[in-house]
Every structure is written in structure tokens, then in C-alpha cells.
Amino acid sequence: MLFEARDLSIRFGGVHAVRDVSFAIEEGEVFSIIGPNGAGKTTVFNLISRFYDPDGGTLAFRGEDITSTPAHHVAELGIARTFQNTELFERETVLANLLIGRHVHRRTNLLKDLLFLPAARRQEVAFREKVEEVIDLLHLQSHRRALVGSLPYGARKMVEIARALCTEPRLLLLDEPSSGLNPEETEDLAFWIEDIVADLGVTIVMVEHDMNLVATVSNRVLAMADGSVLATGEPAAIQSHPEVLRAYLGGTDEPPPAVAEAAP
Ligand SMILES: Nc1ncnc2c1ncn2[C@@H]1O[C@H](COP(=O)(O)OP(=O)(O)OP(=O)(O)O)[C@@H](O)[C@H]1O
Ligand SMILES: [Mg+2]
């Protein structure tokens, strides 16, 4: 077991954003969280990455209880994330944005860095190699010197995934990676996700509204509504689950999942 959430709950005033949510993630899985707007999906991510303290429940990562672990330490332990709205340094190059991930694994102190002692040097070289590996994997070579602000939206989203990968996570949280992408970019994203798991050995938790993408890449799916878990299981079973269908049909601004549509 790589990660486990047990009975997670959090309230914001009168809103019970997440209530008694439990799930466990195996190493090497793509685990998707679906649900209508406001279901509590992003809040689950904010709880996992320790941006919020839960009102109840526990979090465990690689057997270690991280319920009270500070956010920066959770990142050091190997949990990285992307945001529903990309958060990059727009006036910096792609390469600079990727190199920023380095501080997570900095093991040397400032004086050593200034003197550029061998340990710091080795660490710098290893980190540069990691960044190049990620650039190659996600085919970002042609963008490496471009300013992030000048890139099309789809490319920016890939840069954000790349930046998270440069911190060498074991668990990567992707919040709506396909939002704003065109159908072709979304198809590519499915391949990138498979490559990230296969080549980098990273386990992925993905919040996603595109049911074709979810069905294509996920091993298991957790469906939420109104802060609670409706069902957890294989994608096909979740897409045809009566309670899941009811949650989507009951929503006002959300189409029902594409049950009949198979991925091309
Ligand atoms: N910091 C906060 N303060 C107050 N309420 C919040 C906060 N964060 C989330 N909420 C509320 O918690 C509920 C769940 O929000 P959340 O963002 O987790 O939904 P979501 O499933 O990610 O939705 P979407 O698909 O629209 O991104 C919503 O009612 C939201 O308004
Ligand atoms: Mg959200």
C-alpha cells in the first residue's frame, strides 16, 4: 500500500466539504477521483498535500502517518501535485520553472553551495539529469527556452506536470489535467500518463471530468458527491453505477458521464 486515507473529514463553516472519505492506493496505480462540481475532489487533494488540516481522519504514506506532517515535508517525502488552474512562473523559461523543483531535495547548505563543493556539485548534476529526463519524456525540448507566458495553454499544462515530476515524487496528484485541452491534446495526455507510470514508476491520483480519459488510463475510480464517497471500483463499474449516474443527473451544470462512448 502506497497511500491510505481513512475517514477524512473537513468542514468549511456550514459546508461539509469532505466527510468520512476512505481509500487506499497501490503502488503503480492510476487512481481517479470523479464527481460533480463541488463534490470535494480538490479538497481531498488539499488534505493529502496538507494544505488543510482535516477535522477528522488519518493519512498514511508508505506506512508513515502523515496526518500532522507539514506540507513542505510531505513534498520531501514524495508527494507532488498540479493545480486546477496552472501555477507557474509566467515570466520565466520552461527550463527555469523545472529547475525550481530542485529545492525540494536540496541536501546541502548554502555555504557548500556557494563554494560549490563536490556534494553540492554532484547533487546539481543529478538534478539536471532528472530535469532532462522529464523534458525528454514529455517531449518539451522545443519549449525549453520559451517563456511560460508565451506558450499555448496545453503546453503550459504539460510544463506544470513536468515541474511536479522534477521533484521526483512517488505519488503525483493531478487536478483536472485535461481541462482546457483540445481532444487531440487529451489523447496525448493519456499516453503521457501511461509513460509517467511505466517509465518513472510514479503512482498517479487524478481528479478528472473527462470520462473517456478516466476510462482509458485508470485502474480504479472513486466517485464522490457532496463530500462523500458514492462508490470505488473499476472504471466500467463506476460509470454504470446507479448512485453515480444519479449524482450526475441530479447536478445542474454537469453532463452525465459518457457511459456508452468508448475511447477511439
Ligand atoms: N477554502 C475553502 N473555504 C470554504 N469553502 C471551501 C473551501 N474549499 C472548498 N470549499 C467548498 O467545499 C466544497 C467542495 O469544493 P471542492 O473545490 O473540493 O470541489 P470539487 O469537487 O473540486 O469541484 P470542481 O469540480 O468544481 O473543481 C464546495 O462547496 C466548496 O465551495
Ligand atoms: Mg476541483
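Read the numbers this way: they start at 1 and go in the same order the structure lists the ligands and their atoms.
- Of the possible donor and acceptor atoms, none in the side chain of Thr69 sits under 3.5 Å from a partner among the backbone N and O of Val74.
- Under a hydrophobic clustering in which Ile, Leu, Val, Met, Phe, Trp and Tyr are joined whenever their side-chain heavy atoms come within less than 4.5 Å, directly or via other members, Leu173 and Trp192 fall into different clusters.
- For atom 27 (O) of ligand 1, the nearest non-hydrogen atom of the protein is Gln84 NE2, 2.8 Å.
- Neither the backbone nor the side chain of Met224 comes within contact range of ligand 1; no heavy atom lies under 4.0 Å.
- Below 3.5 Å of separation, one finds no N or O of Phe12 facing any N or O of ligand 1.
- Distances from the Mg ion (ligand 2) show that Thr42 has an N/O/S atom below 2.8 Å.
- The closest approach between a heavy atom of Tyr52 and any atom of ligand 1 is below 4.0 Å.
- By the 4.5 Å heavy-atom criterion applied to side chains, Glu176 and Asp210 are not counted as neighbours.
- Nearest protein heavy-atom contact of atom 25 (O) of ligand 1 is Lys41 NZ, 2.7 Å.
- By the 4.5 Å heavy-atom criterion applied to side chains, Met224 and Val44 are counted as neighbours.
- For atom 14 (C) of ligand 1, the nearest protein heavy atom (residue, atom name, distance) is Gly38 O, 3.4 Å.
- Ala17 CB, 3.2 Å is the protein heavy atom nearest to atom 12 (O) of ligand 1.
- Taking the charged nitrogens against the carboxylate oxygens, Lys130 and Glu132 have no contact shorter than 4.0 Å, which rules out a salt bridge.
- Note: Tyr52 and Phe12 meet the aromatic proximity criterion, with ring centroids under 6.0 Å apart.
- Under the 4.0 Å distance rule, the nearest protein heavy atom to atom 30 (C) of ligand 1 falls outside the cut-off.
- Residue Leu171 holds its CG atom at 11.5 Å from CZ of Arg81, rounded to the nearest 0.5 Å.
- A salt bridge links Arg156 with Glu90: the closest approach of a Lys/Arg side-chain nitrogen to an acidic carboxylate oxygen falls below 4.0 angstrom.
- The protein atom (non-hydrogen) at minimum distance from atom 26 (O) of ligand 1 is Asn37 ND2, 2.9 Å.
- For atom 17 (O) of ligand 1, the nearest non-hydrogen atom of the protein is Thr42 CB, 3.8 Å.
- The structure places CZ of Arg145 at 6.5 Å from OG1 of Thr93, a figure rounded to the nearest 0.5 Å.
- Between Gly35 and ligand 1, no pair of N/O atoms sits closer than 3.5 Å.
- Only the side chain of Val15 comes within 4.0 Å of ligand 1, counting heavy atoms alone; its backbone N, CA, C and O stay farther away.
- Checking Leu47, Val44, Thr43 against atom 18 (O) of ligand 1, the nearest heavy atom belongs to Thr43.
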